[in-house]
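Below: the structure, in structure tokens.
These numbers come from the heavy atoms of this one structure, side chains and all, not from hydrogens, waters or symmetry mates. First the proteins, then the strands, lettered A, B, ... as listed; each starts at 1. Everything numeric here is computed off the predicted structure, so don't read it as measured data.
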Amino acid sequence: MTEISARYSPAETEARWYQHWMDKKYFASTPDDREAFTIVIPPPNVTGVLHMGHMLNNTIQDVLIRKARMQGKNACWVPGTDHASIATEAKVVKMLRERGIKKSDLTRDEFLKYAWEWKEEYGGIILQQLQKLGASCDWDRTAFTMDEVRSEAVYKVFVDLYEKGKLYRRKRMVNWDPEAKTVLSNEEVIYGLENSRLFHVKYAIEGSDDYLVIATTRPETIPGDTAVAVHPDDPRYQHLKGKKVIVPLIGRVVPVIFDEYVTMDFGTGALKVTPAHDVNDFDLGVKHKLETVDVFNDDGTMSAEAGIYPGEDRFVVRKKFADDLESAGFIEKIEDYKNNVGRSERTNAVVEPRLSLQWYVDMKAIAGPALAAVESDDIEFFPKNQKNLYRHWMENIRDWCISRQLWWGHRVPAWYLGEDTFVAENEELALEQARVKTGNANLEASDLRQDEDVLDTWFSSWLWPISVFDGFNDKKQLEYYYPTNVLVTGWDIIFLWVARMAMAGFEWTGKKPFHHVYFTGMVRDKQRRKMSKQLGNSPDALKLIEDYGADGVRFGMLSCSPAGGDLLFDEKLVEQGRNFCNKLWNAMRLIKGWEGDSDKGMSDLDAIATQWLEAKFNTVVKEVEDNFASYRLSEALITIYSFIWDDFCSWYLEMIKPGQDEKIAAGTLDKTIAIFSSICSLLHPYMPFITEEIWHQLNPEKQDDCIVSAFPIYKEGSDVVLNAVEHAKKLITQVRELRSKNGLKSRDSFPLIAKKTPNTETYFTLPGYREVCLKMAGLEDFSLSTDDNAVGISFITDAENYTALVNISIDVEKELEEKQKELTHQLGFVASIEKKLSNERFVSGAPADVIDREKKKLSDGKERIQLLQSEIEKLKSL
RNA sequence: GGGAGGUUAGCUCAGCUGGUUCAGAGCACCUGCCUUACAAGCAGGGGGUCACUGGUUCGAAUCCAGUACUUCCCA
């Protein structure tokens, strides 16, 4: 044997080939006259590290892009990172705190300097990790949402929307994250049921000893109460018209208002109204002209205005103030309760509704074409059912709050001077506007005050498919690469990202940003929990690649991940991938160990084996192609996997394997290498490293690479050999089973007789057919016979009868019982088909090929019944 | 409260337009093998009333309705 190890070791191979591909610039794309195939990466957070979700998502993209490249398209996969303003700022703040620096002690510029330093140091690590996975991105195009080109696009778009009147600044209720101290969009708030307590609090009615009870989960907001509301039809409260109540412990006298908004059957039917801290209360406040008392600071502590526990955290105060109320006798009862609590997607802090002045995009003004495109499948979703979710959100779309009270991000391009607002792409342009507006030519930039806020990260992400091609400037690039072919992303960001990209696409290019959207599922652990850092249930992605190889990991991620379906990650899957690599490796070792003999002609056996394998490969190519067309990537992979493992290794290689110390016919060896090379091409998109390695091991003199080889194409061909060998495989398996059942060793040989029928006769006329059976079943002889009286063990394959002339005592009783059982089954089977075929409506209604198939089933079934009956007769006569 | 899915082998899932010889795969399990490519392997095997009830149909795991359980999204 050769010196090649029996175990495939990926580490060295993978690094070497990745470098080779980079050196050859295979990933680089420039526009030419070929058809473009474009994917833009969902940009990971610039400070992120590779996790399971990234691996799944990026493996899928790599499979698609590699296949397109092999199919002769100009494949372009654009990588990049997202500045992730809130997440990154939080990380930087934490890093500074560890160094003893408080953000509040820094100026904006000082803070940003630290942030950029951090970005330069840790940013992009994730891109290097993607290379380990084999991602064939055009790295020369690496973009960052905060680099110059992408930032320019953001400012342009902001100005454009403002000028079109589709962007505005307004004071309204927002979702406030007291930890990050910024506003959030609706989509960044995650709601969940949480355990809490429902306090029933007594509010005294002014000028009487009576009181009314209000149920609330938030007693700490009581200092902000400026009214109590009840339903106008509620019989319990009719006597309170025109009355006032006293806010407990606070002493504020507030009116009882009557509004149909109040639900009569919740709690006591009376509602405390805190306009500053609840969206609905705010609306009530506006309607009834109520006073607004803001009881919180921006970090969620009590404000001076609240008058109780100033500076203390809202949750601490909830308990303290409830205790105060209780000891003062204002609590009627406390119930355990589950309510929906909104938390910040990034910081997990409980979101506080808050009145605030922010910038918004008028989404209704831009949503139309993006909704229509998905409705009509112009943008096609895989899987389709995500359309419903998308439609629902788009039809109920709310304005998008895009300003954030952070420093890391694109600063809002708006400048203020007195009452005036100047929105412009840069300071000079804003100044110009200001000079014109005020008529004061001596106005200086320092007279203007720029908005302090930055923009939501997604306000740059939604431009990504355009901005990565510098599409707001370079129309030629955009023309060539855009719309992109497919977007691969998780369904969890369908609103945050996918829908907004669709809107941006139509708004600024007049075209959709992508033809297809492939939604991946979430990677979960075996207990179905989403993988997360907090839970610590996520395996270390890089460790996995180290342990199992990138190809093994890619196989594991993909072998079990239907579009949109969640992937329950199990290390077993990756193990299977590694084992598959080893299988391929050893198939290569075997072939490389063979010595070709150019004087030796190809035997009939070699010829039929080769023809069969080629035909089978052809059907696999077809199936793979069909699966790809509908993004059934997992199915395509499994198809290739079983073809390689079963057909190629277990059957084909065993068929043509030369005897010990024998040489193989050169023609057979060449054909085998050719087919194995084609197999490498077919598998390459999934497992790029090992296929490249084997490709070169098989063809040491070849200069070209598997990565740019032609992806196999389906060709029409005859099925005669294919069908014959498929029958032979079943027959051989049954002979092996017969051995196993009767305790025979694999070297115990015996003759086999095939009953002569048109089918078996046809098989026997195929050169090499008999030899395949002899070799694979380990037979002494294999012949056709019309003689029904041969003594031995009989069995049926498809509808053919075979008798093994093996001289062992058989358990007649057991054998009879089995045959009898089989006969009963067959009789039932035939009866059901006969019924079907005698049915007028079936024969007239069903398509011709279905009827033909049924007829074949019937005749085969009848054939089998006859065979079984004669077998039974024979057994009985023994 | 509104909506969308799911329920197929012990586990995780395929099963596409209703029709291949009577439901497949991987893992797990059982039996036999250190057969000179691979024990990360080879050969063979067992295991399913396709959640339940009804309907449509010549024919239903597949389509429809209802029930139960379950997951998710929105409020």
Side-chain angles (χ1 to χ4, degrees), chain A residues 1-2 4-8 186 191 340 383 385-393 396 491-492 494-495 522 524 526 528 548 552 556 559-562 564-573 575-594 626-627 629-630 632 634-635 638-639 641-642 645 649-650 653-654 657 659-661 730 732-741 743-747 778 796-799 825-826 828-830 832-833 835-847 849-854 856-858 860-861 863-864:
Chain A
M1 199 61 247
T2 58
I4 306 171
S5 158
R7 294 265 167 100
Y8 169 64
N186 297 321
Y191 291 91
N340 231 348
N385 59 8
Q386 298 290 344
K387 267 173 86 170
N388 296 320
L389 199 63
Y390 179 89
R391 183 191 311 115
H392 184 261
W393 188 74
N396 297 284
W491 51 257
D492 53 333
I494 186 168
F495 309 138
M522 301 291 107
R524 295 173 189 278
K526 274 196 272 185
R528 279 193 187 279
Y548 295 96
S559 65
C560 189
S561 53
D566 287 352
L567 164 64
L568 268 63
F569 184 78
D570 184 340
E571 206 149 314
K572 276 268 189 298
L573 294 170
E575 205 176 296
Q576 198 190 341
R578 180 201 57 183
N579 295 353
F580 184 36
C581 287
N582 210 45
K583 188 73 185 176
L584 284 160
W585 184 252
N586 277 290
M588 177 209 75
R589 274 204 325 142
L590 175 67
I591 294 167
K592 278 191 68 115
W594 287 340
D626 290 348
N627 281 326
S630 45
R632 277 190 252 268
S634 189
E635 283 83 348
I638 294 303
T639 303
Y641 172 83
S642 22
W645 200 297
C649 293
S650 297
L653 290 179
E654 294 298 336
K657 196 186 225 172
Q660 211 169 351
D661 303 321
K730 285 185 225 168
I732 292 158
T733 301
Q734 279 177 285
V735 172
R736 288 169 176 171
E737 187 184 344
L738 182 152
R739 269 207 187 84
S740 162
K741 273 201 173 146
L744 296 172
K745 297 264 183 240
S746 56
R747 48 185 165 276
I796 298 164
T797 306
D798 291 332
H825 183 84
Q826 289 297 335
F829 174 67
V830 162
S832 80
I833 297 173
K835 191 179 142 216
K836 198 185 280 190
L837 281 170
S838 62
N839 187 311
E840 255 324 291
R841 301 189 52 187
F842 172 69
V843 179
S844 57
D849 61 317
V850 171
I851 293 172
D852 285 350
R853 241 181 345 229
E854 291 299 322
K856 172 89 167 58
K857 272 157 73 174
L858 183 66
D860 285 357
E863 186 72 26
R864 269 198 303 272

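- Distances were taken from every side-chain heavy atom of A:E654 (C-beta onward) to each of B:G26, B:A4, B:A37; the shortest belongs to B:A37.
- A:N186 pairs by the side-chain hydrogen bond (donor to acceptor under 3.5 Å, both in side chains) definition with A:N175, not counting sequence neighbours.
- The side-chain hydrogen bond (donor to acceptor under 3.5 Å, both in side chains) test applied to A:D626 returns A:K622, not counting sequence neighbours.
- Every residue meeting the ring pair (Phe, Tyr, Trp, His ring centres under 6.0 Å) condition with A:W393, not counting sequence neighbours, appears here in chain and number order: A:F495.
- When side chains are defined from C-beta on, A:I591 counts as touching A:L653, because their heavy atoms get closer than 4.5 Å.
- In terms of polar N and O atoms assigned as donor or acceptor, the side chain of A:R736 never comes within less than 3.5 Å of the base of B:A43 in a complementary pairing.
- Separating the CG atom of A:N586 from the P atom of B:U36 is a distance of 13 Å, rounded to the nearest angstrom.
- The salt bridge (charged side-chain N to carboxylate O under 4.0 Å, His left out) search around A:E571 returns none, not counting sequence neighbours.
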Heteroatom pairs (N/O) under 3.5 angstrom, protein to nucleotides 6-11 of chain B:
none

Please list, for nucleotides 30-34 of chain B, all pairs of protein and nucleotide N/O atoms separated by less than 3.5 Å.
none

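- Annotation: salt bridge (charged side-chain N to carboxylate O under 4.0 Å, His left out) contacts of A:R7 (sequence neighbours excluded): none.
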Which atoms of nucleotides 72-75 of chain B (N or O only) lie under 3.5 Å from a protein N or O atom, and what are those distances?
unit_1 : atom_1 : unit_2 : atom_2 : d
B:A75  : OP1    : A:R398 : NH2    : 2.6
B:A75  : N6     : A:N340 : ND2    : 3.0

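- A:K387 pairs by the salt bridge (charged side-chain N to carboxylate O under 4.0 Å, His left out) definition with A:D377, not counting sequence neighbours.
- A:K657 is linked by a salt bridge (charged side-chain N to carboxylate O under 4.0 Å, His left out) to A:E654, counting only residues two or more places apart in sequence or in another chain.
- With sequence neighbours excluded, the residues forming a ring pair (Phe, Tyr, Trp, His ring centres under 6.0 Å) with A:F580 are A:F555, A:Y641, listed by chain and number.
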Could you provide the dot-bracket string of RNA chain B, using ( ) for intrastrand pairs, [ ] for crossing pairs and | for bases paired to another strand, with Watson-Crick or G-U pairs below 3.5 Å?
(((((((..((((.....[....)))).(((((.......))))).....(((((..]....)))))))))))).
